[in-house]
Protein chains: 2
Amino acid sequence: MKRGELAASSGCNAETIRYYEKIGLLPAPRRAANGYRDYDERHEERLHFIQRGRELGFNIDDLKSLLSLVDRNAVSCHEVEEMAKQHLQSVRSKISQLRRMEAILAETISSCSGEDVPECPLIESLFND
Amino acid sequence: MKRGELAASSGCNAETIRYYEKIGLLPAPRRAANGYRDYDERHEERLHFIQRGRELGFNIDDLKSLLSLVDRNAVSCHEVEEMAKQHLQSVRSKISQLRRMEAILAETISSCSGEDVPECPLIESLFND
DNA sequence: TCTTGACTCTGTATTGGCTACAGGGTTTAT
DNA sequence: ATAAACCCTGTAGCCAATACAGAGTCAAGA
């Protein structure tokens, strides 16, 4: 499986795959005679893991730890749980931040006359605390 | 008002103030005899505007547009409303994405035994699906 | 008065997580 | 046979800051 094929099957950008290899997230695959990377299903699985993790907001270092746990073949459920809990907390705080933003935006928009007047409540809400 | 004072009064990092000037978001202030930047209340207000906007998730370009409307002294409420609406939409989509993450994380954590077993539901949920 | 520390100046490098490009080689389809 | 589409490498760029190096300036204490 060449890089472009893995990219297509995973939906991951082909350059990103090379990047993941460079930073040590995805192991370097064996090379075909022509020098092309040759991936197998294990790479596919691992890339999928990485993609899922990224979607869920784990950063590269988180994923390195998670994958090192996997690689040791001695996954301590407890360690993983701890990371996930911390992560859940940060997700929840992001949600509440965004909710505040949402409320303010929605409110100021609703108070907007939509006319060509110099008094725009949105602009004003940005100036005045 | 020197840079450090503006930084202290606004809570903005002093380097960030210089950065905002460099990218044309905050106008260059006049210089004191010693070459130090000398800010006035107008800079303070504008920086506050920028900070509020960034908090609300507007990016630098958004803020440039908003500030150019302000500077033209011809704020069209309608233009601003459009930007805010688009932005509100993106905020809402971020929220719903995070909600999904939250649900998956919460679910997998709750299915976690917490023991030192090699079958970790969280890890598995990242591999499978 | 001297000195020490805190500030300011400039330009540049670094961060994270990619993405894009330049300049070459190879494969595939027509 | 040739053109398009892929692959290789290394490097530069993106956003929104942040940090650092090396120099100048200022205010307070000994």
Side-chain angles (χ1 to χ4, degrees), chain A residues 1-40 43 46-67 87 90-91 94 97-98 101 126, chain B residues 1-40 43 46-67 87 90-91 94 97 101:
Chain A
M1 194 179 213
K2 322 195 227 183
R3 185 154 61 108
E5 288 165 350
L6 180 57
S9 92
S10 66
C12 183
N13 183 302
E15 295 288 304
T16 303
I17 292 171
R18 194 159 67 96
Y19 169 72
Y20 285 159
E21 179 180 326
K22 189 176 143 208
I23 62 172
L25 205 51
L26 197 59
R30 70 179 208 84
R31 297 295 180 117
N34 55 14
Y36 286 14
R37 288 172 180 82
D38 187 16
Y39 297 97
D40 59 28
H43 292 100
R46 199 183 178 93
L47 179 56
H48 186 231
F49 182 100
I50 294 165
Q51 289 185 285
R52 283 278 289 171
R54 293 290 301 129
E55 272 170 36
L56 289 179
F58 288 98
N59 65 24
I60 301 288
D61 274 353
D62 290 339
L63 291 177
K64 277 187 182 170
S65 327
L66 284 173
L67 284 166
H87 191 61
S90 93
V91 165
K94 273 180 202 157
Q97 271 189 330
L98 284 168
M101 287 171 42
L126 285 172
Chain B
M1 194 181 214
K2 310 195 237 187
R3 186 154 60 108
E5 289 165 349
L6 180 57
S9 93
S10 66
C12 184
N13 184 302
E15 294 289 303
T16 303
I17 292 171
R18 196 160 65 97
Y19 168 72
Y20 285 159
E21 179 180 325
K22 189 177 144 208
I23 62 172
L25 205 50
L26 197 60
R30 70 179 208 85
R31 298 295 180 116
N34 56 14
Y36 286 15
R37 288 171 180 83
D38 186 15
Y39 297 97
D40 58 28
H43 292 100
R46 199 183 178 94
L47 179 56
H48 186 232
F49 182 101
I50 294 164
Q51 288 185 287
R52 279 279 287 172
R54 293 289 302 125
E55 272 170 36
L56 289 179
F58 287 99
N59 66 23
I60 302 287
D61 273 353
D62 291 339
L63 291 177
K64 277 187 184 170
S65 322
L66 286 173
L67 284 168
H87 187 61
S90 96
V91 166
K94 274 180 200 157
Q97 273 189 329
M101 285 174 42

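To find a chain, count down the sequence lines: A is the first, B the second, and so on, and within it residues start at 1.
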Closest to side chain of A:Arg37, choosing from D:dC26, C:dT27, D:dC8: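 That would be D:dC8.
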Where along nucleotides 17-24 of chain C does protein come under 4.0 Å, by heavy atom, of base (B) or sugar-phosphate alone (S), with - for untouched nucleotides? BBBBB---
Distance check: side-chain N/O of A:Arg31 vs OP1/OP2 of D:dT9, anything under 4.0 Å? yes
Is any side-chain N or O of A:Asn34 closer than 4.0 Å to OP1 or OP2 of C:dT27? yes
Rounded distance (nearest 0.5 Å) linking atom [atom1] of [X] with atom [atom2] of [Y]:
X: A:Leu47; Y: A:Arg52; atom1: CG; atom2: CZ; value: 13.5 Å
X: A:Arg30; Y: A:Asp40; atom1: CZ; atom2: CG; value: 9.0 Å
X: A:Thr16; Y: A:Arg18; atom1: OG1; atom2: CZ; value: 10.0 Å
X: A:Cys12; Y: A:Arg54; atom1: SG; atom2: CZ; value: 10.5 Å
X: B:Ser9; Y: B:Tyr39; atom1: OG; atom2: OH; value: 11.5 Å
X: A:Leu63; Y: A:Leu26; atom1: CG; atom2: CG; value: 11.5 Å

Interatomic distance, [X] [atom1] vs [N] [atom2] [rounded to whole Å]:
X: B:Tyr39; N: C:dC7; atom1: OH; atom2: C1'; result: 14 Å
X: B:Gln51; N: D:dA17; atom1: CD; atom2: C1'; result: 13 Å
X: B:Asp62; N: D:dC15; atom1: CG; atom2: P; result: 12 Å
X: B:Asp38; N: C:dC9; atom1: CG; atom2: P; result: 10 Å
X: B:Arg30; N: C:dC9; atom1: CZ; atom2: P; result: 13 Å
X: B:Ile17; N: D:dA19; atom1: CD1; atom2: P; result: 14 Å
X: A:Leu25; N: C:dG16; atom1: CG; atom2: C1'; result: 13 Å

For a side chain to side chain contact (heavy atoms under 4.5 Å, CB included) check, start with the C-alpha distance between B:Glu55 and A:Met101, then their side-chain angles and the critical distance, and finish with the verdict. CA-CA 8 Å; B:Glu55 272 170 36; A:Met101 287 171 42; over 6 Å; no
If every non-hydrogen atom of A:Glu21 is compared with every non-hydrogen atom of A:Ala28, which pair is closest and at what distance?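 Heavy atoms of A:Glu21 and A:Ala28 come nearest at OE2-CB, 3.6 Å.
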Start with the C-alpha distance between B:Leu6 and B:Arg37, add both sets of side-chain angles, then the distance that settles side chain to side chain contact (heavy atoms under 4.5 Å, CB included), and finish with yes or no. CA-CA 10 Å; B:Leu6 180 57; B:Arg37 288 171 180 83; over 6 Å; no
Give each protein N/O atom lying under 3.5 Å from an N/O atom of nucleotides 1-5 of chain C, with the pair distance.
none

Using nucleotides 4-6 of chain D, report all nitrogen or oxygen pairs with the protein that are shorter than 3.5 Å.
none

Electrostatic pair B:Glu15:B:Arg3 at N-O distance under 4.0 angstrom: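 A salt bridge links B:Glu15 with B:Arg3.
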What verdict does the side chain to side chain contact (heavy atoms under 4.5 Å, CB included) test give for B:Leu67 and B:Ile50, after you've listed the backbone C-alpha separation in whole Å, the side-chain angles of each residue and the deciding distance to 0.1 Å? CA-CA 9 Å; B:Leu67 284 168; B:Ile50 294 164; 4.0 Å; yes
